[in-house]
Asks: 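Below is the structure I would like to discuss, written out as structure tokens.
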Protein chains: 4
Amino acid sequence: MRAKSVTEQARRAQIVGAAVEVLAEVGYAAMSFKLIAARAGLSSTGLISYHFRSRQELVDEVSADVLRRFAEFVLGFLDRSDTATGELRAFLRANLRFMRDHRTLMVALTQVRPHASGPGPEDDLRGMADLLRAGQAAGEFRAFDADTVAIFVLALRNGVLARSAEDPGLDLDLCERELWTVVELAVVG
Amino acid sequence: MRAKSVTEQARRAQIVGAAVEVLAEVGYAAMSFKLIAARAGLSSTGLISYHFRSRQELVDEVSADVLRRFAEFVLGFLDRSDTATGELRAFLRANLRFMRDHRTLMVALTQVRPHASGPGPEDDLRGMADLLRAGQAAGEFRAFDADTVAIFVLALRNGVLARSAEDPGLDLDLCERELWTVVELAVVG
Amino acid sequence: MRAKSVTEQARRAQIVGAAVEVLAEVGYAAMSFKLIAARAGLSSTGLISYHFRSRQELVDEVSADVLRRFAEFVLGFLDRSDTATGELRAFLRANLRFMRDHRTLMVALTQVRPHASGPGPEDDLRGMADLLRAGQAAGEFRAFDADTVAIFVLALRNGVLARSAEDPGLDLDLCERELWTVVELAVVG
Amino acid sequence: MRAKSVTEQARRAQIVGAAVEVLAEVGYAAMSFKLIAARAGLSSTGLISYHFRSRQELVDEVSADVLRRFAEFVLGFLDRSDTATGELRAFLRANLRFMRDHRTLMVALTQVRPHASGPGPEDDLRGMADLLRAGQAAGEFRAFDADTVAIFVLALRNGVLARSAEDPGLDLDLCERELWTVVELAVVG
DNA sequence: GATGAATGAGCTTTCATTCAT
DNA sequence: CATGAATGAAAGCTCATTCAT
């Protein structure tokens with residue numbers, strides 16, 4: 001792979017940013033190069049094709065980019081704790097805070113991820129199941145099937161984010177408190 | 001609204017059925033009349049337009065049709081119990097069984113519902129919150145914010161269905177058992 | 001050509017009538033079997049195709065039918081006079097009265113005639129030129145090129161009808177008086 | 001409104017030109033992007049949509065373009081005279097000459113104008129009525145209802161043009177002479 | 001690198017017509 | 001005779017992509 005010039009990188013970022021906004025606004029199915037170009041202030045959709053080999057490459061990059069930012073954000077919450085319980089709590093909190101602070105990114109991610117290559121839900125699940133198993137090994141969590149409960153934890157996360165996307169008025173701080181209560185009850189036992 | 005002839009009804013059903021299969025296979029964004037016509041063995045897309053005023057009408061009908069079948073299915077589980085706990089358990093069980101027995105319908109529904117008119121997630125939430133409040137009033141459930149926990153319960157349902165859609169090998173019976181354990185812990189307290 | 005049954009004739013008339021209304025309302029370019037069927041209260045456009053070999057045949061029949069009615073109407077005015085001047089005046093009066101009393105027919109005719117076979121403007125012109133020549137031979141009209149002035153007379157007729165079609169509020173009685181003044185000045189000299 | 005590039009302008013003009021030819025040849029109802037693209041030597045109808053937002057925009061532009069050319073042409077005749085009589089005569093002469101020299105444009109205009117936005121017949125009538133009133137005020141014309149006679153004058157113009165469109169062999173120079181005789185008789189009195 | 005014009009396949013929808021019942 | 005379902009061509013329009021400048 002070639003090294004990318006600074007200008008090139010800047011343009012790609014600009015286009016990805018515009019795509020994020022479009023995705024959050026009209027959804028994946030209605031996203032088009034025309035809308036993205038307009039949103040980015042570009043004079044031609046040709047420029048998008050110039051910087052991205054194909055629509056799919058753009059979709060992948062949008063997904064990867066938002067995912068990277070999200071991961072960084074979550075990491076900022078995680079590295080303060082060392083128990084599995086603390087890590088789980090930090091993860092959930094980070095997710096809801098990201099939604100609160102970067103709603104557009106989050107909504108765009110939910111729209112684009114099903115159509116992007118790159119890490120999928122299985123990868124999320126693997127990580128979560130590992131965390132849960134670690135908690136069980138440390139005696140913090142009750143006995144349960146970690147793979148299955150991992151599905152549940154991520155389902156709760158996704159569901160709250162989806163609801164918040166539908167209803168911008170949702171009180172995410174209340175959600176965070178109630179969510180932790182529920183997860184603690186369910187996982188710690 | 002005019003009465004629809006038998007043939008008309010049959011064709012519409014056939015088209016809706018083909019649309020369901022296409023939706024489950026390629027997703028909403030890639031759905032097209034061409035694919036549906038091919039799947040249904042129709043000679044042209046014109047026939048779809050003949051039976052449905054517009055693409056949106058087809059989308060709405062697909063959503064309504066699957067939703068109706070799903071509601072019937074769920075009802076078959078519900079009317080055996082009378083406590084809120086029993087009803088909640090039956091609801092969750094019914095959902096997972098529907099996925100197990102009618103996977104294509106369920107997957108199609110997740111694809112189409114965000115783009116259909118008709119009842120939306122808010123309506124689901126309202127019903128669930130009412131059930132939870134009834135359980136609280138009956139002393140079956142612990143104290144929590146019913147609207148928020150309704151989000152959680154439906155999130156769990158949706159998440160399991162989504163996971164099952166991604167991974168057809170998922171053991172839904174195991175999920176059902178673990179899910180009820182988790183929900184009981186979380187809701188009954 | 002086969003004899004047409006009574007029912008057949010009635011249906012054709014009904015369809016022609018509906019076509020006239022549609023033509024007057026939306027114009028030739030926007031006319032369609034669907035609109036005509038709806039207007040006639042028919043359940044299918046197939047019925048139109050059943051009674052008319054083709055769209056063109058319907059168009060021709062509409063034109064011929066209205067033209068026939070128009071001719072009858074005009075005749076009712078003509079047969080009272082015997083001079084060319086009287087006949088010319090009666091002709092013009094009849095035209096404007098027909099527009100006043102049967103506006104829909106007249107408007108439909110202007111829409112359909114350019115697309116119908118059957119007698120065309122040349123035939124109208126021939127008749128008018130003959131009348132003018134007769135008037136010249138009788139010493140009623142001044143010397144002019146009859147073929148050319150025939151164009152003018154029919155142009156005046158057509159223009160007034162077209163204007164009246166555009167502006168239903170046009171005072172056709174005033175038009176009739178002014179028109180005759182003008183024609184008399186121009187033709188008698 | 002954005003400034004249009006030279007190439008853009010040229011293509012639009014080319015498409016408008018092709019549309020004019022198609023209109024003159026097959027009429028408004030049978031006009032289609034396919035015919036226009038073929039006539040213009042374009043590879044696809046998509047290019048027409050690329051340069052014109054919609055069919056209606058093309059229709060409007062064709063009408064406006066021909067109208068503009070026509071107005072310029074007429075102006076070249078008008079500015080030599082100062083009496084109402086002279087202006088009227090120049091107007092009529094200009095119309096017939098335009099038909100003689102730019103028959104395709106003229107025929108296209110008659111086809112497209114009823115379906116275009118932009119100035120309509122009422123606007124033509126207003127101008128003509130004003131001219132007639134000016135002539136009356138100057139004592140050049142006899143007493144008549146200017147609004148009505150304006151209809152007549154334009155009717156004569158339209159009728160001759162229509163006839164010429166139908167019969168390309170029509171002697172427009174003869175028409176011009178006879179027309180002026182008739183108009184003079186009718187208007188001057 | 002950027003532009004905007006061009007491409008051609010694709011979309012949904014409408015059309016007149018045909019056909020089995 | 002009438003119905004309404006079916007047909008396939010054609011419509012206007014949008015799409016991602018390509019290309020010359």
Asks: Sort out the partner of F:dT14 for me: Watson-Crick or G-U wobble, both distances under 3.5 Å, none otherwise.
Replies: E:dA9
Asks: So does A:Y50 reach the base of E:dA2 with its side chain, donor to acceptor, closer than 3.5 Å?
Replies: no
Asks: Who is the Watson-Crick or G-U wobble partner of F:dT21, with both distances under 3.5 Å?
Replies: E:dA2
Asks: Taking atom P of E:dG4 as reference, at what distance in whole Å does atom CD1 of A:I48 sit?
Replies: 14 Å
Asks: Could you give me the CA-CA distance, side-chain angles and deciding distance for A:M31 and A:V59, then say whether side chain to side chain contact (heavy atoms under 4.5 Å, CB included) is met?
Replies: CA-CA 10 Å; A:M31 181 189 86; A:V59 163; 4.1 Å; yes
Asks: Please give, in whole Å, the distance from E:dA5 P to D:Q14 CD?
Replies: 13 Å
Asks: Can you tell me the distance, in whole Å, between the CZ atom of A:F52 and the C1' atom of E:dG1?
Replies: 15 Å
Asks: Distance check needed: F:dA11 C1' versus D:Y28 OH, whole Å only.
Replies: 13 Å
Asks: Round to the nearest Å and state the distance from A:F33 atom CZ to E:dT3 atom C1'.
Replies: 16 Å
Asks: Which part of the nucleic acid, if any, lies within contact of D:S43, taking any heavy atom under 4.0 Å across all strands shown: a base, the sugar-phosphate backbone alone, or nothing?
Replies: sugar-phosphate
Asks: For the pair C:D60 and C:R55, find out whether any cationic side-chain nitrogen is under 4.0 Å from an anionic carboxylate oxygen.
Replies: no
Asks: Would D:Q14 and D:L42 count as a side chain to side chain contact (heavy atoms under 4.5 Å, CB included) here? Give the steps.
Replies: CA-CA 10 Å; D:Q14 181 194 5; D:L42 307 178; 4.2 Å; yes
Asks: Quick one: B:Q56 CD to E:dT13 C1', roughly how many Å, whole number?
Replies: 15 Å
Asks: Using atom CZ of C:R53 as one end and atom P of E:dT18 as the other, report the distance to the nearest whole Å.
Replies: 10 Å
Asks: Using a 4.0 Å heavy-atom cut-off, does B:S49 contact any base of the nucleic acid, only the sugar-phosphate backbone, or nothing at all?
Replies: base
Asks: Closest to the B:R11 side chain: F:dA6, E:dA6, F:dA11?
Replies: F:dA6
Asks: If you check every side-chain atom of C:S44, which of F:dC15, F:dG4, E:dT12 has the closest atom?
Replies: F:dG4
Asks: Where each residue is assigned the nucleotide of DNA chain F containing its nearest heavy atom, which of B:H51 and D:L35 is assigned the position nearer the 5′ end?
Replies: B:H51
Asks: From F:dA16, E:dT13, E:dG10, pick the nucleotide closest to the side chain of B:T45?
Replies: E:dT13
Asks: For the side chain of D:L47, counting heavy atoms from C-beta on, which of E:dA6, F:dA11, F:dT17 is nearest?
Replies: E:dA6
Asks: Looking only at side-chain atoms of C:T7, point me to the closest of F:dC1, E:dG1, F:dG12.
Replies: F:dC1
Asks: Any salt bridge linking A:D65 with A:R12? Criterion: basic side-chain nitrogen under 4.0 Å from a carboxylate oxygen.
Replies: no
Asks: Given 3.5 Å as the limit, does a donor-acceptor pair link the side chain of B:E166 with the main chain of A:P121, or not?
Replies: no
Asks: I want to verify a distance call: between F:dC15, F:dA11, F:dA5, whose nearest atom is closest to the A:K34 side chain?
Replies: F:dC15
Asks: Nearest to the side chain of D:E8, heavy atoms from C-beta on, is which of E:dA5, F:dC15, F:dA11?
Replies: E:dA5
Asks: Which of these, C:V20, C:L23, C:L67, sits in a side-chain contact (heavy atoms from CB on, under 4.5 Å) with C:L109?
Replies: C:L67
Asks: Calculate the interatomic distance between A:M31 atom CE and F:dA16 atom C1'; express it in whole Å.
Replies: 10 Å
Asks: Could you work out which one of E:dT17, F:dT17, E:dA2 sits closest to the side chain of C:S54?
Replies: E:dT17
Asks: Select one nucleotide: of E:dT17, E:dA2, E:dA5, the one nearest the side-chain heavy atoms of C:R55.
Replies: E:dT17
